[in-house]
Every structure is written in structure tokens, then in C-alpha cells.
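A short write-up of the structure that comes next.
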Amino acid sequence: MNRLQLYFRLIRLDKPIGILLLLWPTLWALWFASDGKPDWALVAIFTLGTVLMRSAGCAINDYADRDFDKHVQRTVDRPITSGKIKPKEALLVALVLTLIAFALILPLNTLTKQLSIAAVIIAASYPYFKRFFAIPQAYLGIAFGFGIPMGFAAVQGAIPAAAWWLLVANIFWAVAYDTEYAMVDREDDLKIGMKTSAITFGRYDVAAVMFCYAATLLIIFIVGWQFGLRAWFVAGLLIAGACAIYHYTLIRDRERSGCFAAFRHNNWLGAAIFGGVALDYLLR
């Protein structure tokens, strides 16, 4: 049981916020692509696939960062860094989870399966972008939002322009919430030479976060309006906007606890957007 608990920690099932930040954009896509009437089997496949791929991504991330995490206060006790799990074990866990996730989508169309391969490549390469890319959070936004084109592909067998715009919106959202996350570790990341948006934006970090929230909501508003969504959808966006303003009050002083709280609260921002989309379709 102790070994299972270590694996549980490795894939962050004790911290489900990452799963939710992956899941909300995927659900947006499934509802938009199906005009609010998704196949519930597809919803189940994508939900479970989100859990599996986020878990695999955590194992790969910890493997890639095993020599860096010991220098960061928040990550020094992670299973690989602390020596409780061997690096090759983490890779094996990631491989098994990825294979299970791929098995889930075998009944789906060819385009969805092709996109799943791209999703795995993006997820596996993300940890290494932090070595050289000034804003790796943008790449994270692609990884965390790849359920959007996959969702449209699974429902429609094609990827319309709206799907790519939703992915762009998710990139802005990821830059916003993961910059808040990076603000927690900024001092440690500066010492070890890790690249993050919090470092790149410097004293404009708070302004950049708020700009990214605004861009996210604006793009989603335009997409939703083109899909014919109105009152309930706008209400959801207004609630999401209120969440963003609340995050400003948490991060403006750049204190670690406030920045981390703002990051975690993004679950409610994503949920508000989804709630508005789903209710608007339901109550037409």
C-alpha cells in the first residue's frame, strides 16, 4: 500500500486541480461541437482520458525535473526527487497510463487517434521547454487544451476554425493561471536557471496575467456568440470575469500563498465558463 501511495503522489491524484484545468476546456469543446448534446459515451471517454493523460504527464514531468526539483522548496519531497521512486519506474507508470488512454479512443475515428499521438508528443516534450523557452506556459496551454481539437474531431470528424480559436483562448488562460503558479516558485527558479513566464514578465507579471484573462474571455465570447449562445453563456463569462478580478486581489502583492490560491481558484473560472455554455444550450 505504501508503494501505491507513492505512485498516487507521483501522478498527483492527491492534487486534482490539474485534472480539472485539463477537463474544462475539453468539455467546452464537446458541448460546442455537439450543439449542447454530446454523446455521453464520448464524455466518459474524454473525462477518463483526461485523468490518465494528466497523470502520465505528471510522471514525465517529475522524471524530467528530477535534478531541478531538489532545489525548489515546493517540490523537494516529490517521490522521484526524494529517492522513494526510481526514475525508470516513473517512465513505466507514464507508459502504462498512456497506453490505457490510447485504448480508450480506439473506437473513435482516425483523425482523433492521429491527434492523440500529437497530444502525447506535446505532453512529453513540455517539461523540456522550461529549459529554453521564455514563456513555457504558452506551450502548456497547447498541451492542456489539446482536448479541444480532439473533441471536435471526435464529434464532427473535422476541426473547424472555432476549435483553434478555443485552443488559442486556452493558451491565454494557461499563461494566466500558470504564471500565478510560477510566481510561487520565482525565487527558486531564478537560482536554478529555469525559464518561466513569471520571470519573463518581471514587474509586469500581474498586468500580464490580467491581460491573458481578458483575452481568454473575449475569444470565448466571440466563439460562443457565433454559435448562437446568449444570456446564460454571457452570465457564465461574467462570473468567470469576477473570478479573474478576485485573482487580481490575491496576486497583486505577489505573496506565495495568494498566488497559489489564485492558481487553484481557476477551477471555478473554468467551471463558470462551462456552466454558462451548458445552461445556454440546455435552456434554449
Side-chain angles (χ1 to χ4, degrees), residues 12 15-29 46 50-51 53-58 60-61 64-65 115 118-130 132-151 163-186 189 194-201 204-221 223 237 240-241 243-244 247-248 250-251 259-274:
R12 310 277 205 287
K15 298 176 181 178
I17 179 62
I19 294 172
L20 294 168
L21 294 176
L22 265 164
L23 182 60
W24 292 125
T26 303
L27 295 180
W28 303 344
F46 274 85
T50 294
V51 175
M53 287 308 301
R54 187 264 183 168
S55 299
C58 288
I60 294 171
N61 184 79
D65 287 350
L115 288 171
V120 170
I121 294 171
I122 293 169
S125 59
Y126 162 69
Y128 298 96
F129 264 65
K130 293 180 286 186
F132 64 89
F133 192 50
I135 307 179
Q137 283 74 13
Y139 195 72
L140 177 71
I142 299 174
F144 269 38
F146 219 73
I148 294 172
M150 286 184 65
W164 297 117
W165 279 112
L166 285 174
L167 180 58
V168 171
N170 192 72
I171 292 171
F172 277 111
W173 186 34
V175 173
Y177 65 65
D178 210 55
T179 297
E180 294 168 342
Y181 191 70
M183 289 166 72
V184 177
D185 297 332
R186 177 158 36 200
D189 288 335
M194 194 71 77
K195 304 289 186 182
T196 74
S197 55
I199 294 172
T200 300
F201 294 144
Y204 299 106
D205 50 0
V206 175
V209 167
M210 299 313 295
F211 172 81
C212 287
Y213 277 136
T216 300
L217 297 177
L218 176 60
I219 294 170
I220 294 175
F221 169 75
V223 171
L237 290 183
C243 289
H247 297 172
Y248 170 75
L250 293 173
I251 68 174
C259 293
F260 191 62
F263 162 73
R264 288 172 56 85
H265 195 264
N266 274 276
N267 166 52
W268 298 107
L269 191 152
I273 296 171
F274 172 69

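Every value quoted in this text rests on a predicted model; they were computed, and no experiment measured them.
Side-chain contact between Met150 and Phe46 is present, with at least one heavy-atom pair separated by less than 4.5 Å. Taking the side chain as every heavy atom from C-beta outward, Phe201 and Val209 never approach each other to under 4.5 Å. Using a 4.5 Å heavy-atom cutoff, the side chains of Thr200 and Thr196 are not in contact. Looking at Met53 and Val120, their side chains come closer than 4.5 Å, going by heavy atoms from C-beta outward. Considering only heavy atoms from C-beta on, Leu21 stays 4.5 Å or farther from Arg54 through its side chain. Counting heavy atoms from C-beta on, the side chains of Pro25 and Phe144 never come closer than 4.5 Å. Taking 4.5 Å as the limit, every side-chain heavy atom of Ile199 sits out of range of all side-chain heavy atoms of Met194. Between Ile273 and Leu217 there is a side-chain heavy-atom pair separated by less than 4.5 Å.
Distance check, rounded to the nearest 0.5 Å: CG of Asn170 to OG1 of Thr26 gives 8.5 Å. The line from OH of Tyr213 to SG of Cys243 is 8.5 Å long, rounded to the nearest 0.5 Å. The CZ atom of Arg264 sits 11.5 Å away from the NE2 atom of His247 when rounded to the nearest 0.5 Å. Note that the CD1 atom of Ile171 and the CG atom of Leu140 stand 10.0 Å from one another [nearest 0.5 Å]. Here the CZ-SG distance, from Arg186 to Cys259, works out to 7.5 Å after rounding to the nearest 0.5 Å. Interatomic distance, Leu269 CG to Leu237 CG, rounded to the nearest 0.5 Å: 9.5 Å.
Between Leu167 and Gly145, the shortest heavy-atom contact is CD1-O, 3.4 Å. Of all heavy-atom pairs spanning Ala29 and Gly147, the tightest one is CB-O, 4.2 Å. Closest heavy-atom contact between Gly141 and Ala174: CA-CB, 3.4 Å. Contact record, Ala163 with Ile148: O-CG2, 3.3 Å, taken as the closest heavy-atom pair. The heavy-atom pair separating Leu23 from Thr50 by the smallest distance is N-CG2, 3.8 Å. Taking each heavy atom of Phe133 and Pro136 in turn, the nearest pair found is O-CD, 3.1 Å.
Checked by atom type, the side-chain pair Tyr139/Ser125 shows a donor-acceptor distance below 3.5 Å.
Judged as a ring-ring contact (aromatic ring centres under 6.0 Å, His included), and not counting sequence neighbours, Tyr204 has no contacts. Every residue was checked against the ring-ring contact (aromatic ring centres under 6.0 Å, His included) condition with Phe146, not counting sequence neighbours, and none meets it.
Within a 6.0 Å radius of CZ in Phe211, no more than 12 heavy atoms belonging to other residues, nucleotides or ligands are found.
Using a 4.0 Å cut-off between a side-chain N of Lys or Arg and a carboxylate O of Asp or Glu, Asp189 and Lys195 do not qualify as a salt bridge.
Between Trp28 and Trp173, the distance from one ring center to the other falls under 6.0 angstrom. Residues Phe274 and Trp24 place their aromatic rings such that the two centres sit under 6.0 Å apart.
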Intermediate values then yes/no, side-chain contact (heavy atoms from CB on, under 4.5 Å), Glu180 and Asp205: CA-CA 9 Å; Glu180 294 168 342; Asp205 50 0; over 6 Å; no
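Checking side-chain atoms of Asn266 against main-chain N and O of Phe263 turns up a donor-acceptor pair under 3.5 Å. Between the Arg12 side chain and the Ile19 main chain, no donor and acceptor come within less than 3.5 Å of each other. One N or O on the side chain of Gln137 and one on the backbone of Ser197 form a donor-acceptor pair closer than 3.5 Å.
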